[in-house]
Amino acid sequence: MVRIALECEKRADKDKMKLLDEPLWTMYCNGKKTGYGVKREANGEDLNVMELLKAVSMGAGVLPGNSDVEGPDGELAYMRAHFERVVGSKDSETLYMLSPEGNTGPELSIFFVRI
């Protein structure tokens with residue numbers, strides 16, 4: 001099981017925004033700080049990948065690369081699944097990736113927390 005926690009700082013009441021609209025996150029994977037995340041708009045390359053995966057309902061794999069940055073040998077790993085969303089409060093939400101068999105707990109949990 002993988003647990004990803006994304007944390008952001010609380011703002012003054014006048015600057016409050018929806019939790020998932022926060023622009024900057026500190027990322028932890030299974031309790032270890034691994035870096036930062038920044039909210040951004042999808043670019044053309046992102047939209048092409050989403051178009052390729054439109055027909056995939058659930059699964060994981062690798063797409064061959066054709067990025068100008070990574071070149072033709074770069075690869076893109078993807079995972080497409082059903083996530084259950086649980087809102088704990090205005091400062092916490094969690095996404096749980098559920099197994100299609102339904103016999104085990106979540107395989108991936110993503111926590112969004114404003115601290």
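These numbers come from the heavy atoms of this one structure, side chains and all, not from hydrogens, waters or symmetry mates.
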If you take all heavy atoms of Leu24 and Cys8, which pair is closest and at what distance?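 Result for this residue pair: O-CB, 3.4 Å.
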
Taking the side chain from Arg114 and the backbone from Lys90, do they hold a donor-acceptor pair closer than 3.5 Å? yes

Show your working on side chain to side chain contact (heavy atoms under 4.5 Å, CB included) between Val62 and Tyr78 and close with a plain yes or no. CA-CA 6 Å; Val62 177; Tyr78 71 88; 6.0 Å; no

Please check if [X] and [Y] belong to a single hydrophobic cluster, counting links between Ile, Leu, Val, Met, Phe, Trp and Tyr side chain heavy atoms closer than 4.5 Å.
{"X": "Met50", "Y": "Leu53", "value": "no"}
{"X": "Ile110", "Y": "Met79", "value": "yes"}
{"X": "Leu20", "Y": "Leu95", "value": "yes"}

Tell me, which pairs form a salt bridge (Lys or Arg N to Asp or Glu O under 4.0 Å) where one or both residues lie in residues 27-39, sequence neighbours left out?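 For residues 27-39: Asp21-Lys39.
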
Once salt bridge (Lys or Arg N to Asp or Glu O under 4.0 Å) is applied, what residue pairs with a partner in residues 76-85 remain, sequence neighbours excluded? Arg85-Glu93

Distance, nearest 0.5 Å, that separates [atom1] of [X] from [atom2] of [Y]:
{"X": "Met97", "Y": "His82", "atom1": "CE", "atom2": "NE2", "answer": "11.5 Å"}
{"X": "Leu98", "Y": "Met58", "atom1": "CG", "atom2": "CE", "answer": "8.5 Å"}
{"X": "Glu7", "Y": "Thr26", "atom1": "CD", "atom2": "OG1", "answer": "7.0 Å"}

Carefully, step by step, assess Asn48 and Asp46 under the rule side chain to side chain contact (heavy atoms under 4.5 Å, CB included). CA-CA 5 Å; Asn48 288 337; Asp46 296 332; over 6 Å; no

Could you go through Phe83 and Leu108, starting from their C-alpha distance and side-chain angles, then the distance that decides it, and tell me whether this counts as side chain to side chain contact (heavy atoms under 4.5 Å, CB included)? CA-CA 9 Å; Phe83 285 85; Leu108 171 65; 4.0 Å; yes

State, yes or no, whether a side-chain contact exists between Met17 and Pro23 at a heavy-atom distance under 4.5 Å.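 Touching, per the 4.5 Å side-chain cut-off.
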
Looking at side-chain heavy atoms only, is the closest gap between Ser109 and Ile4 below 4.5 Å?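 A side-chain contact under 4.5 Å is absent here.
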
Applying ring pair (Phe, Tyr, Trp, His ring centres under 6.0 Å) between Trp25 and each of Phe112, Phe111, Tyr36, report the one that passes.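 That would be Phe112.
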
Counterpart residues, salt bridge (Lys or Arg N to Asp or Glu O under 4.0 Å), relative to Lys10 (two or more places apart):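 Applying salt bridge (Lys or Arg N to Asp or Glu O under 4.0 Å) to Lys10 gives Asp91.
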
Working for side chain to side chain contact (heavy atoms under 4.5 Å, CB included), residues Val113 and Leu6: CA-CA 6 Å; Val113 182; Leu6 297 165; over 6 Å; no

Atom CZ of Arg3: over 12 foreign heavy atoms under 6.0 Å: no

